[in-house]
Amino acid sequence: MRALSVFKKNVSRKRFARRLLVLVIASVLWLLILGRIPSMYRESPSLQRKVTDESKTYDPLLAQQITLDQKIGNFRNKVFRTFEFVNFMGNQAIPSGFNQDEPCNYNSKASLEYSNSTVPIIPNYTVFSESINHPKSRLYKFLQELTNGKPIDITFAKKWFMFGSSAEWLEEEQCYVSYSRLIISDWDTRTRASVSLIAAQAFDKDWNEFYNKRIKYVDIETPEDFDEQLKAINAKYNIVEECLGREEDGGYTKSDINSEGTSKCTPISDDVKELAETEKRMLIDRYFRVYPTVLDIPFKLTGEVSYRGPEDPKVIIRRNADGRHEPVVVYNMDDDNYDRRIMFAVMPHRKINPIVPLIDDEFSISGPQKNWTPFINDGDVTKDGSRGFIHVALHIIPTTILRCSLDDGVCMYVFRGEKINKLQKELKDLRGGTSFRRVPEIPELNGRKVWISIIKSHLNNCGGASQFYRPHVVLMEETDGKFNILSYSSAIHFDREVLSWDMHSSAMYHVNIMSPNSIASWHIVSHVHSKYEDYMEISFSEADCNSSVIVVRGMLNYILQVLGDSESVDWESKDLGLRLGTAPACVLTHLREHCEAYGKLRPKT
């Protein structure tokens, strides 16, 4: 017996030794993998996050690193193609003997790489409808009239449309948050919306949608016994968690232990289950934003319901005074209080007064407001109890910048290009697209404050289309309080067969639109031999009916090329208007040439 005992101990020790050896090998391999990861991974703007979600039981920093490694691996496994384009410097150096007839010849060649596949952002009409089609919803009466007593899902195919998905990676929650324009049309057409709404979704790193994704409100404390409160609701209705979802027909309660000493789950009524679910949902909604959903934004629903509600949401992620990152969504909407279309900001992860109208303090902005471009600047985060600020570009040309309070929405001008006499008036054919994203502070910038955005251009009557839209990369710089567009690219269409307005072909007619929505993520991976490896995800829409994400490689190298070619602006220069106005005009001239050539190859049959 003693020999047997010694034998068992030896076996146990060997098993332990084997397990320890496996653990050591696995740890070494993991360290080797981390050692091979370039240090720029950890310096990426998307990784520098302060984790505050205390409900997570795993190591959040390790989880973030693993997710980042997987994302970079996915990017590297994609097949990329080269896209060549023309770049126009915003502060156009005028050579000696400048030929006024050929101003657009002074440009430079540039290139980016793009993935040969895109990822669609798919609407979830069923869940969206559930969040608004109930008696407490302000849209309930409208939806009842829309369906005329029939199931709401039969209206999805002809009356519901989603596009303009503006998404950005939220590092703390390890997900993309996406906000889209959701149209419901009683006229069965996306050109005439009855109402527009903001549909909110969350996606994992591979763009798989999360269901019931909970994100804590940043301005509401979640009680420590929150989970216990949920359990108490189950107990109140005699619902046992171990039995939930065990059968297809719903939840169960646990009966007494039978004669064989085993327990058994028995069904509960649908009414009881619904009461419990409603009570739990109310508790969850008190402390969490739950995705997917439709943001609750009030607007007038009396009289003829036509073109009501929020349009064109643009998201930007900002760090608040508590160090947490949260989305701010800027949108436009007709407002009876101001008797015109104005801009608003909604903070989806706030419970208390989440919506503010953005109004300039001088009330000098007249006419309908659209296409404002939000961005974050130094000093926008305050620690005095205020929610802080955001900046917005009111116009791209001439560059006009506002700083808007997220407490009351009051906006103040910080730079007014239109007040400089030598500059041209507003050029509406180049307008806001994505938000402006700050270029990370790499050594080559030498402290320069630069932002990047993908704006959109607009032409009328070219190539067989009545309206033609395409994306363009622009860089903006602030120097001594003055803002200037450093450069404009020609159309960044990535040789794409843009979806036609018929939503089936690529024929060129009516409205032909490829519209940028957001810079969803930007990862700077490595820096070797003065070249950067970086990946930028850009969301865009076609034909006002869909949204997709494309991966672009080499954006940072392009930016450094532009910075190397740029000159500082002499704001007192006599030819300032010519120097700053040449590039935008050249962009549109080049675009019209492209539009005509594109349409010639894709006539409507």
Side-chain angles (χ1 to χ4, degrees), residues 114-125 128 155-167 178-185 187-199 201 207 307 309-314 331-332 370-371 429 431-434 454-472 491-518 520 538-550 591-592 594-605:
Y114 66 98
S115 58
N116 69 337
S117 61
T118 59
V119 178
I121 297 178
I122 300 172
N124 194 332
Y125 294 146
F128 296 157
T155 67
F156 295 161
K158 293 184 177 182
K159 297 181 181 294
W160 294 57
F161 307 90
M162 192 185 89
F163 60 94
S165 300
S166 181
S178 177
Y179 305 91
S180 309
R181 182 180 178 187
L182 173 63
I183 283 178
I184 305 177
S185 171
W187 292 273
D188 298 356
T189 174
R190 64 195 188 282
T191 60
R192 186 174 180 183
S194 297
V195 298
S196 291
L197 309 169
I198 298 180
Q201 295 171 277
W207 292 96
Y307 298 107
E311 299 181 9
D312 306 328
K314 301 295 178 187
Y331 61 92
N332 68 80
K370 298 183 68 174
N371 302 309
D429 290 336
R431 56 188 67 168
T434 75
I454 319 296
I455 66 169
K456 63 186 175 188
S457 57
H458 169 248
L459 291 179
N460 290 322
N461 303 318
C462 71
S466 59
Q467 297 183 71
F468 187 77
Y469 296 82
R470 287 298 182 268
H472 302 257
I492 306 296
H493 49 76
F494 301 118
D495 299 317
R496 189 171 181 84
E497 291 291 329
V498 175
L499 186 66
S500 176
W501 195 254
D502 62 18
M503 300 186 290
H504 300 294
S505 70
S506 59
M508 181 78 154
Y509 78 100
H510 193 45
V511 180
N512 191 274
I513 178 169
M514 180 181 178
S515 179
N517 301 322
S518 68
I538 300 170
S539 71
F540 66 95
S541 293
E542 298 170 297
D544 282 358
C545 71
N546 66 20
S547 296
S548 301
V549 178
I550 192 169
L591 179 67
R592 187 167 289 277
H594 164 68
C595 177
E596 297 292 350
Y598 182 86
K600 190 174 182 179
L601 296 174
R602 298 162 183 83
K604 182 182 179 182
T605 57

Report yes or no: does Ser518 contribute a side-chain atom to a donor-acceptor pair with the main-chain N or O of Ser166 at less than 3.5 Å?
no
Taking the side chain as C-beta and beyond, is there a heavy-atom pair between Ile184 and Ser194 under 4.5 Å?
no
I'd like to know if the side chain of Ser196 and the backbone of Leu182 have a donor-acceptor N/O pair within less than 3.5 Å.
no
Is there a donor-acceptor contact under 3.5 Å from the side chain of Thr434 to the main chain of Ile454?
yes
Output yes when a side-chain donor or acceptor of Tyr469 lies under 3.5 Å from a complementary backbone atom of Val511, and no otherwise.
no
A side-chain contact here means heavy atoms from C-beta on lying under 4.5 Å apart; do Asn512 and Met514 qualify?
no
So, using side-chain contact (heavy atoms from CB on, under 4.5 Å) as the criterion, who are the partners of Asn371 when residues are at least two apart?
Arg431, Lys456
Is Arg190 positioned over the aromatic face of Trp501, cation under 6.0 angstrom from the ring centre and no more than 45 degrees off axis?
yes
I want to check something: taking the side chain as every heavy atom from C-beta on, are Ile513 and Val498 in contact at a cut-off of under 4.5 Å?
no
Do Met162 and Phe128 have side chains that approach each other closer than 4.5 Å (heavy atoms only, starting at C-beta)?
yes
Okay, side chain of Ser548, backbone of Pro120: is any donor-acceptor separation there less than 3.5 Å?
no
Quick one, Asn546 and Leu499 - any side-chain contact, counting heavy atoms below 4.5 Å?
yes
Quick check: do Trp207 and Val119 have side-chain heavy atoms less than 4.5 Å from each other?
yes
Taking side-chain contact (heavy atoms from CB on, under 4.5 Å) as the definition, give me every residue that meets it alongside Lys370, ordered by chain and number, with sequence neighbours left out.
Glu311, Asp312, Asn332, Arg341
Would you check, one step at a time, whether the test side chain to side chain contact (heavy atoms under 4.5 Å, CB included) holds for Leu591 with His472?
CA-CA 10 Å; Leu591 179 67; His472 302 257; 4.3 Å; yes
With a 4.5 Å cut-off on side-chain heavy atoms, are Ser539 and Ser547 touching?
no
If you define the side chain from C-beta out and look only at heavy atoms, does anything of Met508 sit under 4.5 Å from Phe468?
yes
Is the side chain of Ser457 donor-acceptor paired with the backbone N or O of Arg470 at a distance under 3.5 Å, no angle test?
yes
By side-chain contact (heavy atoms from CB on, under 4.5 Å) - contacts of Asn116 (at least two apart):
Val79, Arg81
Expected output: side-chain Ser178 to main-chain Ala167 donor-acceptor under 3.5 Å:
no
According to the interplanar angle, ranging from 0 to 90°, do the rings of Trp160 and Phe156 count as parallel (below 30°), tilted (30 to 60°) or perpendicular (above 60°)?
perpendicular
Salt bridge or not between Lys159 and Asp188? Use side-chain N to carboxylate O under 4.0 Å.
yes
Test item: Glu596 side-chain N/O and Gly463 main-chain N/O as donor-acceptor pair under 3.5 Å:
yes
